[in-house]
There are 2 protein chains.
Amino acid sequence: MVVMVTKTKRAERRTDALSKERIVEAAIEILDTDGESALTFRALAARLATGSGALYHHVASKNDLLTAATEEVITGVMTGLAPGDEPRAAIQAIALGVFDAIDAHPWVGTQLAQEPWQFAVLPVLEGFGQQLQALGVLGPAQFDCASALLNYILGLAGQYAAGVRLLAGVTDRTAFLATVADRWADLDPARFPFLRQAAPQLPAHDDREQFLAGIDLILAGITATSGSRRSSAR
Amino acid sequence: MVVMVTKTKRAERRTDALSKERIVEAAIEILDTDGESALTFRALAARLATGSGALYHHVASKNDLLTAATEEVITGVMTGLAPGDEPRAAIQAIALGVFDAIDAHPWVGTQLAQEPWQFAVLPVLEGFGQQLQALGVLGPAQFDCASALLNYILGLAGQYAAGVRLLAGVTDRTAFLATVADRWADLDPARFPFLRQAAPQLPAHDDREQFLAGIDLILAGITATSGSRRSSAR
DNA sequence: ACCTGAACACCGTTCAAGT
DNA sequence: ACCTGAACACCGTTCAAGT
């Protein structure tokens, strides 16, 4: 009891004391403002006014740090969801929540795409599974569908994050897509007729909307495929 | 003419001459046998019996090297496809071709997931687009569907590659999935009911089959969604 | 023109030495 | 127990010097 009070008091007073939370918080700030390549233990230590070795008392490795930072963001997404939605709307809400988080923190996209077995993806997969159950999708199809949704999101996560990485200063995403469109337009017409034809619509298209179109596509496939199973739902 | 002959003769005789092709070939060997982390310019130079600086006369950077290596593998996949298939079967064939390539060369999965704007993904996206056109999916839906298929594959690419990375010596993929299943089984029952219930089927499931189930799901969604557009196909 | 390999400018991580 | 910061063991990349 007395120990608890003492600990609390100390934490209140010495706000400069190092902790995993403070380190993760500082890491997120660096990642958000200066990009993924700016996060080094030296830069982190400098920002926290400590030695680089001190960080290892609270964080096991750089990977551990990035995992914790990603977890922080994704947890925020999942807890911010409105409960009691219709299953299809709930799935869209989860997907859009992750999309918006990656839009706000592109390094989260890199993390999710690169380390998809980390804890942060589990709440997302769990959310999909629960909503699919509510939709009446059961048995092996439930896991297949949840995985399909997750894979789709992870793929886009990598794509989005890579786009930001290639931008490297160009703040406008439309400008980036225009560059890609130019490259597609120069492709060999014999080999790449589809991409050449699709190029013009690339800069104009809304990433978020196209993302949602993909989710809806998978949902439509789920509805079409699981018709037989759905009847046994209730 | 004389110059051409001389060049050809030289190329035939001096098989030890450095070239981008030889460098890429050696890099693929290292990546396949010793893993992604084993590919360094020093190791590559040692294998090619040259100095590390010499490599930069034929390769712009490590990224350039990895891009070229990925291109090599994906080109092999796409040219190996049987032409004239039914569109749905052709899409499955492309997807499975990429899957098998990642299975054989996990570093390709890392590359695709990490740099999805590289040239190697274009033939895949083009293939999807062409087959969707043959299916009668036109307009914006054609690009949305092709993107959805691509995103799904890129997501799985990252997941698969990350799994191999975590294995780090464990040759058996089933063993890896069993480890994941154990972790899922220990999750909080209140928060993760779906994952806990799904855990047992994780080690038993066939990656390739589940991958194909996801593709079929998207295809079903495409069929269900594009009904109105399909009539205008022919 | 191509190759050599030491040198440079970084990394993440460790560890003796301090408090 | 926690912090310090130099040192270690690497990287990718560059570049003067060779052929």
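Lettering follows sequence order; numbering is per chain, from 1.
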Just list the side-chain donor-acceptor pairs under 3.5 Å for residues 178-190 of chain B, sequence neighbours left out, or say none.
| from | atom 1 | to | atom 2 | distance (Å) |
| --- | --- | --- | --- | --- |
| B:Thr179 | OG1 | B:Ala175 | O | 2.9 |
| B:Arg183 | NH2 | A:Trp117 | O | 3.4 |
| B:Asp188 | OD1 | B:Ala190 | N | 3.1 |

For [X] and [N], what is the distance between atoms [atom1] and [atom2] respectively, to the nearest whole Å?
| X | N | atom1 | atom2 | result |
| --- | --- | --- | --- | --- |
| A:Arg42 | D:dC8 | CZ | P | 14 Å |
| B:Asn63 | D:dC11 | CG | C1' | 15 Å |
| A:Ile23 | D:dC3 | CD1 | C1' | 12 Å |
| A:Leu48 | D:dC3 | CG | P | 10 Å |
| B:Arg22 | C:dC2 | CZ | P | 15 Å |
| A:Leu44 | C:dC10 | CG | C1' | 17 Å |
| A:Glu36 | C:dC11 | CD | P | 15 Å |
| A:Tyr56 | D:dG5 | OH | P | 17 Å |

- Item | Parallel, tilted or perpendicular, as decided by the 30° and 60° cut-offs, for the rings of A:Tyr152 and A:Phe211 |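 Judged by the thresholds at 30° and 60°, the geometry between A:Phe211 and A:Tyr152 is parallel.
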- Query: So B:Tyr56 and B:Phe41, would you call those rings parallel, tilted or perpendicular, with 30° and 60° as cut-offs?
  - Reply: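 Judged by the thresholds at 30° and 60°, the geometry between B:Tyr56 and B:Phe41 is parallel.
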- Note on the structure: When B:Thr40 and A:Ala54 are each assigned the nearest nucleotide of DNA chain D, the 5'-most assignment goes to A:Ala54
- Task: Would you classify B:Leu39 as touching base, sugar-phosphate or nothing, given that sugar-phosphate means primed atoms plus P, OP1 and OP2, and contacts are heavy atoms under 4.0 Å?
- Result: sugar-phosphate
- A:Leu55 near the nucleic acid: base, sugar-phosphate alone, or nothing, with a heavy-atom cut-off under 4.0 Å? nothing
- Message: Nearest 0.5 Å, please: how far is CD in A:Gln159 from CG in A:Leu154?
- Response: 12.5 Å
- Applying the Watson-Crick and G-U criteria (both distances under 3.5 angstrom) with [ ] for crossing and | for other-strand pairs, one obtains for DNA chain C ||.|||||...|||||.||
- Considering only C:dC3, D:dT13, D:dC3, which nucleotide approaches the side chain of B:Leu18 most closely? C:dC3
- Report yes or no: does B:Glu115 contribute a side-chain atom to a donor-acceptor pair with the main-chain N or O of A:Ala162 at less than 3.5 Å?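 Checking the backbone N and O of A:Ala162 against the side chain of B:Glu115, no donor-acceptor pair under 3.5 Å is found.
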- Would you confirm whether the ring centroid of B:Tyr160 sits within less than 6.0 angstrom of the ring centroid of B:Phe99? yes
- Query: Can you list the residues that meet the side chain to side chain contact (heavy atoms under 4.5 Å, CB included) rule with A:Ala38, with sequence neighbours excluded?
  - Reply: A:Ile30, A:Asp34
- Within less than 4.0 Å of OP1 or OP2 of D:dC3, is there a side-chain N or O belonging to A:His58? yes
- Message: Between A:Phe41 and A:His57, which residue's closest nucleotide on DNA chain C lies nearer the 5′ terminus?
- Response: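 In this pair, the answer is A:Phe41.
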